[in-house]
Amino acid sequence: MLGSRFRRVILNRPNLRIPFPRQFAERLRGTTVESVARRGKYLTVTLSSGDTLVMHLGMSGWFAVAATGDRTREPDPHDHVLFIMSSGRTIVFNDPRRFGFMDLAGPPSRPKAATARSRRSSRAVSRAEAEPAVDYPSLNALGPEPLSREFTAASLARACRGKRTSLKAALLDQRVVAGLGNIYASEALHDAKLSPLRQALTIATVGGAPRKQAQQLAASIKKVLTNAIRRRESPYGSARFRVYEREGEPCLRQGCGGTIRRITQGARSTFYCPKCQR
DNA sequence: ACCTCGACCTGCAAGC
DNA sequence: TGCTTGCAGGTCGAGG
């Protein structure tokens, strides 16, 4: 998509999880893609018009890329959106459970003046791509990227300060850390030997340095995500996890001998080992 | 302001 | 065999 134009946009239905914005196809058509990025679980595509296409895969959404007119790919009833690009390729958004969405954000009303703070942090990530300016509430609320230098034991501890919810619920809160979902929240807590039932504030900073639990948890989040990306893990493939979906099976931690339990927290299932996770 | 919970959606598995 | 029911996931808004 990068550098090419939307020649045609086909919507096979009026909505995904939410309705498409007004004039969605019309606003995309003819614009050139200037950048493609990810923030948390959101995908952002900045356009020459100043608009930003904001997309989310939900849980079952994915993209297929094919040469335009290629008949090799069988049309599927869950092909909801087609982007026909000037590059000669068609990008198909397929989402059986329709939990994904697409939306458009206009350009920021006022161009963001670089504050002292943002100048400092942008230097800290100078090797990363500059984040495209977009004003979109769900994006504005996101916490730090877990694999960035902004996400540290200190930032995690700060985000947990005063939080009376469970540690598991805190990890799913995208304001604490962006992009962690239900599976890897369980996995990270197991790796860090921390109980999902513990109150989030118990790992927070009180006065000085972050507690060792925050240090461990931040490291485990980075480790678990880095491994998942490297191994291209997905719950739809053959991936097996250390605790997720392993209720009743033995804990895989060396010498632990505990049994994985499944509990419900905030209407979502959590898997953990009651023996080694404290 | 914080927190919990249900709605959204559909494929699949379990139970009758 | 064929039906119903429940569950999974991420986000958001209603209500406590």
Side-chain angles (χ1 to χ4, degrees), chain A residues 11-21 38-44 52-63 74-81 92-105 134-146 156-189 196-204 221 224-225 228 233-241 243-248 260-272:
Chain A
L11 307 182
N12 288 329
R13 47 174 309 122
N15 62 324
L16 294 169
R17 186 166 64 80
I18 58 171
F20 291 105
R38 178 198 58 76
R39 180 78 174 91
K41 299 172 193 165
Y42 295 82
L43 303 167
T44 57
T52 298
L53 171 60
V54 179
M55 304 186 283
H56 198 293
L57 300 177
M59 52 184 291
S60 58
W62 62 288
F63 290 97
E74 291 279 312
D76 182 282
H78 305 302
D79 286 349
H80 303 310
V81 182
V92 180
F93 179 68
N94 182 287
D95 184 6
R97 295 197 186 173
R98 219 142 47 70
F99 248 38
F101 70 80
M102 293 191 186
D103 202 357
L104 280 172
V134 54
D135 196 13
Y136 193 78
S138 306
L139 292 174
N140 296 341
L142 292 176
E145 284 294 320
L156 177 60
R158 210 179 313 121
C160 288
R161 195 189 302 160
K163 271 199 178 288
R164 314 187 70 84
T165 14
S166 66
L167 195 48
K168 167 71 175 344
L171 290 186
L172 290 180
D173 184 340
Q174 303 294 298
R175 295 170 298 184
V176 172
V177 53
L180 210 58
N182 198 44
I183 296 173
Y184 294 108
S186 282
E187 294 295 314
L189 285 167
L197 297 163
R198 190 192 252 273
Q199 277 196 320
L201 56 80
T202 63
I203 70 156
I221 289 168
V224 157
L225 291 179
E233 270 175 14
S234 146
Y236 305 107
S238 55
R240 297 243 42 208
F241 302 97
V243 284
Y244 183 75
E245 296 244 284
R246 291 194 63 248
E247 184 184 20
I260 304 305
R261 281 235 302 152
R262 175 213 199 113
I263 56 171
T264 298
Q265 290 181 290
R268 215 106 284 178
S269 58
T270 299
F271 296 83
Y272 77 111

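All chains are named by letter (A, B, ...) in the order of the sequence lines, taking the proteins before the strands, and each is independently numbered beginning at 1. Only a predicted model underlies this, so the values are computations on that prediction, with no experimental measurement involved. All values below were derived from every heavy atom in this structure, side-chain atoms included, with hydrogens, water molecules and symmetry-related copies excluded.
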* Once Watson-Crick and G-U wobble pairs under 3.5 Å are found, how is DNA chain B written in dot-bracket notation, 5' to 3', with | for any base paired to another strand? -> .|||||||||||||||
* Can A/Phe99 be classed as stacking with the base of C/dG9, given a centroid separation cut-off of 5.5 Å and a plane angle cut-off of 30°? -> yes
* To do: Apply side chain to side chain contact (heavy atoms under 4.5 Å, CB included) to A/Asp103 and list each qualifying residue two or more places apart in sequence or on a separate chain.
  => A/Pro21, A/Phe101, A/Tyr136
* Asked: Is a side-chain donor or acceptor of A/Glu247 paired with a backbone partner of A/Phe271 at a separation under 3.5 angstrom?
  -> no
* **Listed nucleotide nearest any side-chain atom of A/Asn15, set B/dT10, B/dC9, C/dC12** => B/dC9
* Asked: Looking at A/His78, does any N or O in its side chain come under 4.0 Å of the phosphate oxygens OP1/OP2 on B/dC9?
  -> no
* **Side-chain N or O of A/Gln174 closer than 4.0 Å to phosphate OP1/OP2 of C/dG10** => no
* Asked: Expressed in angstrom and rounded to an integer, what is the separation of A/Ile263 atom CD1 from C/dC7 atom C1'?
  -> 17 Å
* Within the pair A/Lys163 and B/dC3, is there a side-chain N or O less than 4.0 Å away from OP1 or OP2? -> yes
* Asked: To the nearest angstrom, how far is A/Arg17 atom CZ from B/dA7 atom P?
  -> 15 Å
* To do: Using whole Å, report how far CG of A/Asp103 lies from C1' of C/dG10.
  => 16 Å
* Asked: Are side-chain heavy atoms of A/Ile221 and A/Tyr184 found at a separation under 4.5 Å?
  -> no
* A/Tyr184 vs C/dG9: side-chain N/O to OP1/OP2 distance below 4.0 Å -> no
* A/Phe20 side chain reached by A/Leu104 side chain, heavy atoms, under 4.5 Å -> no
* To do: Could you tell me whether the side chain of A/Glu145 and the main chain of A/Ala178 form a donor-acceptor pair under 3.5 Å?
  => no
* To do: Could you check how far CZ of A/Arg161 sits from C1' of B/dA1, rounded to whole Å?
  => 16 Å
* Structure fact -> Checking B/dG11, C/dT11, C/dG9 against the side chain of A/Pro96 (C-beta onward), the nearest is B/dG11
* Rounded to the nearest angstrom, tell me the gap between atom CD in A/Gln265 and atom C1' in B/dC3. => 14 Å
* Atom-to-atom span, CZ of A/Phe101 to C1' of C/dG13 - whole angstrom -> 14 Å
* Asked: Between A/Ser269 and C/dC7, is there a side-chain N or O to OP1/OP2 distance below 4.0 Å?
  -> no
* **Atom pair distance, as rounded to whole Å: NE2 in A/His56 and P in C/dC12** => 8 Å
* To do: Please check the phosphate of B/dC3 (OP1 and OP2 only) for any side-chain N or O of A/Ser166 closer than 4.0 Å.
  => no
* To do: On DNA chain B, check which nucleotide each of A/Thr165 and A/Arg268 is closest to and give me the residue with the more 5' one.
  => A/Thr165
* Side chains of A/Leu172 and A/Asn182: does their closest heavy-atom pair fall under 4.5 Å? -> yes
* Return the value, rounded to whole Å, for the distance between atom CG of A/Leu43 and atom P of C/dG10. => 15 Å
* Under 3.5 Å donor-acceptor, A/Arg98 side chain and A/Leu16 backbone -> yes
* So, does A/Lys41 use its side chain to make a donor-acceptor pair with the main chain of A/Leu180 at under 3.5 Å? -> yes
* Is a donor-acceptor pair below 3.5 Å formed from side chain A/Arg97 to base C/dA8, judging by atom type as modelled? -> yes
